[in-house]
Amino acid sequence: MPQMFIVGLGYTAKRIAQALSTAGWAVEATGSDGTIAFDDEPAVLSALAASSHVLSSVPPSDGSDPVLDRYGAALGEKWLGYLSSTGVYGDWQGAWVDEATPTGGGRRTARSDCDARWLEMDARVFRLPGIYGPGRSAFDRIREGKAHRIDLPQQVFSRVHVDDIVSGVVAAVEGDVPPGAYNLADDLATSQNAVIEEACRLLGVEPPPLQTMDEAELSPMARGFYAENRRVANGKAKRVLGWQPEYPTFREGLASIMASSRD
C-alpha cells in the first residue's frame with residue numbers, strides 16, 4: 001500500500017488526505033487532526049522513513065520553512081509536494097501570470113523563498129490563489145457581517161474551490177507528474193465584488209454598500225490582499241496533470257456550496 005505523509009493537516013490538506021485514503025492510500029499526518037505531533041521528531045522521522053510520498057501544507061514561519069529546516073535531510077528521494085501560493089508572483093496590474101512568471105517581487109517574500117526551496121528539492125509545488133469551499137466562502141463572510149465591496153473597478157483576483165485543489169493534487173500524485181510549479185486556479189479571474197454580489201443573490205439579501213478601503217476599515221492583511229492585481233493562468237496544470245476544475249468559475253462553486261448546505 002502506498003503511503004503519504006502530510007505535514008500540516010489543515011482545511012485543504014485534510015480533504016486531500018480523505019481523498020487519498022478513499023483511493024487506498026495509507027495516510028499519516030501532523031496537525032491538530034493528524035496522527036503525529038510535528039515536534040515529535042522520532043515519530044515524524046519514523047513516518048517519513050515509511051512513506052513513499054510527502055506533502056507539506058505548512059506556511060512559512062519566522063521567514064523560513066519549518067519543515068525543510070527541521071526535516072529536510074530526511075526527505076531523501078521521495079515524491080515531494082508543497083502547497084504554495086500565487087502570492088509569490090506579486091502585483092502584475094491585472095496581467096496574466098503563469099508558472100514561467102518571475103516570483104519574489106511581491107509582499108510574500110518568505111513564501112517565495114520557501115516555494116523556491118521546495119522547487120530545488122524537485123517537489124511538485126502547487127501555487128494556490130484564494131481558496132474557498134464549504135465553511136470558508138463568501139456566504140460565511142456575509143452571514144458574519146464581514147463582507148465588503150471595495151470601490152476598485154479594475155481589481156481582479158483568481159480563486160479556486162478546495163475540491164479542485166484536491167483533484168489537482170491527487171492527479172499529480174497518481175500520475176507521477178514531473179517536478180515543478182503548477183497553478184491550480186479556476187478559469188475566471190474576477191473582482192471580489194462580483195463574488196460577494198453573487199453570494200448575496202443566492203442568499204436573497206442585499207449586497208453590502210460600495211466603499212473605499214478607508215471606509216471599510218480593512219485590516220492590514222486585507223489591505224495587502226487588495227494591493228496585488230493579477231490573473232492566474234492554469235493551462236500547465238490542465239496539460240500536464242490532465243486536470244479540469246469541476247468549478248470553473250465562482251458561480252458554479254457558490255451554487256454547489258449553497259446546494260450542499262440544504263442537504
Side-chain angles (χ1 to χ4, degrees), residues 84-109 111-112 115 127-165 181 183-238 244-258:
S84 185
S85 166
T86 56
V88 300
Y89 296 117
D91 179 27
W92 284 82
Q93 300 178 26
W96 285 96
V97 298
D98 63 18
E99 292 84 353
T101 301
T103 63
R107 60 193 170 89
R108 298 188 179 182
T109 54
R111 176 66 88 173
S112 299
D115 182 294
R127 293 176 177 160
L128 311 176
I131 302 169
Y132 73 101
R136 185 183 290 189
S137 73
F139 295 129
D140 301 283
R141 290 193 295 278
I142 292 165
R143 294 184 180 114
E144 294 166 4
K146 297 179 180 178
H148 298 285
R149 289 195 306 146
I150 304 299
D151 188 12
L152 291 171
Q154 305 303 315
Q155 192 79 20
V156 295
F157 307 97
S158 291
R159 54 194 52 79
V160 65
H161 192 288
V162 66
D163 289 347
D164 286 328
I165 301 173
N183 292 335
L184 297 182
D186 72 12
D187 294 336
L188 182 64
T190 190
S191 70
Q192 184 71 359
N193 293 352
V195 177
I196 296 298
E197 289 160 7
E198 176 67 3
C200 286
R201 185 188 70 81
L202 291 170
L203 289 171
V205 300
E206 287 295 317
L210 201 62
Q211 297 175 301
T212 66
M213 286 201 289
D214 288 340
E215 289 171 336
E217 297 181 342
L218 297 179
S219 67
M221 182 177 293
R223 283 179 174 271
F225 178 76
Y226 281 97
E228 296 177 349
N229 183 3
R230 60 182 168 264
R231 292 172 167 85
V232 178
N234 59 17
K236 180 182 177 182
K238 289 179 176 179
Q244 289 289 336
E246 182 178 357
Y247 307 103
T249 81
F250 66 90
R251 297 185 185 92
E252 295 88 353
L254 289 177
S256 173
I257 295 168
M258 174 65 79

State which residues pass side chain to side chain donor-acceptor pair (under 3.5 Å) with [X]; sequence neighbours excluded, sorted by chain then number.
{"X": "S191", "result": "none"}
{"X": "R223", "result": "D214"}
{"X": "S137", "result": "D140"}
{"X": "T249", "result": "E252"}

Please report the shortest heavy-atom distance between [X] and [Y], naming the atom on each side.
{"X": "A194", "Y": "T190", "answer": "CB-OG1, 3.7 Å"}
{"X": "R127", "Y": "Y89", "answer": "NH1-OH, 2.9 Å"}
{"X": "A138", "Y": "V195", "answer": "CB-CG1, 4.0 Å"}

Which pairs pass ring-ring contact (aromatic ring centres under 6.0 Å, His included) with one or both residues in [range], sequence neighbours excluded?
{"range": "residues 127-146", "result": "Y132-H161"}
{"range": "residues 186-226", "result": "F157-F225, F157-Y226"}
{"range": "residues 186-205", "result": "none"}

Could you work out, with side-chain contact (heavy atoms from CB on, under 4.5 Å) as the rule, every residue matching Q244, not counting sequence neighbours?
K238
Inter-residue atom distance L202.CG - L254.CG, 0.5 Å rounding
6.5 Å
How long is the straight-line distance from CD1 of I131 back to CD1 of I165, given to the nearest 0.5 Å?
4.0 Å
With side-chain contact (heavy atoms from CB on, under 4.5 Å) as the test, would you mind laying out the steps for I257 and Y247 before giving the verdict?
CA-CA 11 Å; I257 295 168; Y247 307 103; over 6 Å; no
Can you find a heavy atom in the side chain of [X] that is under 4.5 Å from one in the side chain of [Y]?
{"X": "I196", "Y": "R141", "answer": "yes"}
{"X": "Q211", "Y": "E217", "answer": "no"}
{"X": "V162", "Y": "R136", "answer": "no"}

Residues in salt bridge (charged side-chain N to carboxylate O under 4.0 Å, His left out) with E198, at least two apart?
R201
Identify each donor-acceptor pair in which a side-chain atom of residues 230-237 lies under 3.5 Å from a protein atom, sequence neighbours left out, and give them as a table.
| residue | atom | partner | partner atom | Å |
| --- | --- | --- | --- | --- |
| R230 | NE | T86 | O | 3.3 |
| R230 | NH1 | G90 | O | 2.5 |
| R230 | NH1 | E228 | OE1 | 2.9 |
| R230 | NH2 | T86 | O | 3.4 |
| R230 | NH2 | E228 | OE1 | 3.4 |
| R231 | NH1 | G94 | O | 2.5 |
| N234 | ND2 | A185 | O | 2.8 |
| N234 | ND2 | D186 | O | 3.4 |
| N234 | ND2 | D187 | OD1 | 2.8 |
| K236 | NZ | A181 | O | 2.8 |

Which residues share a ring pair (Phe, Tyr, Trp, His ring centres under 6.0 Å) with F250, sequence neighbours left out:
none
Enumerate donor-acceptor pairs with a distance under 3.5 Å from any side-chain N or O in residues 143-153 to protein atoms, sequence neighbours excluded.
| residue | atom | partner | partner atom | Å |
| --- | --- | --- | --- | --- |
| R149 | NE | P208 | O | 2.6 |
| R149 | NH1 | E197 | OE2 | 2.9 |
| R149 | NH2 | P208 | O | 3.0 |

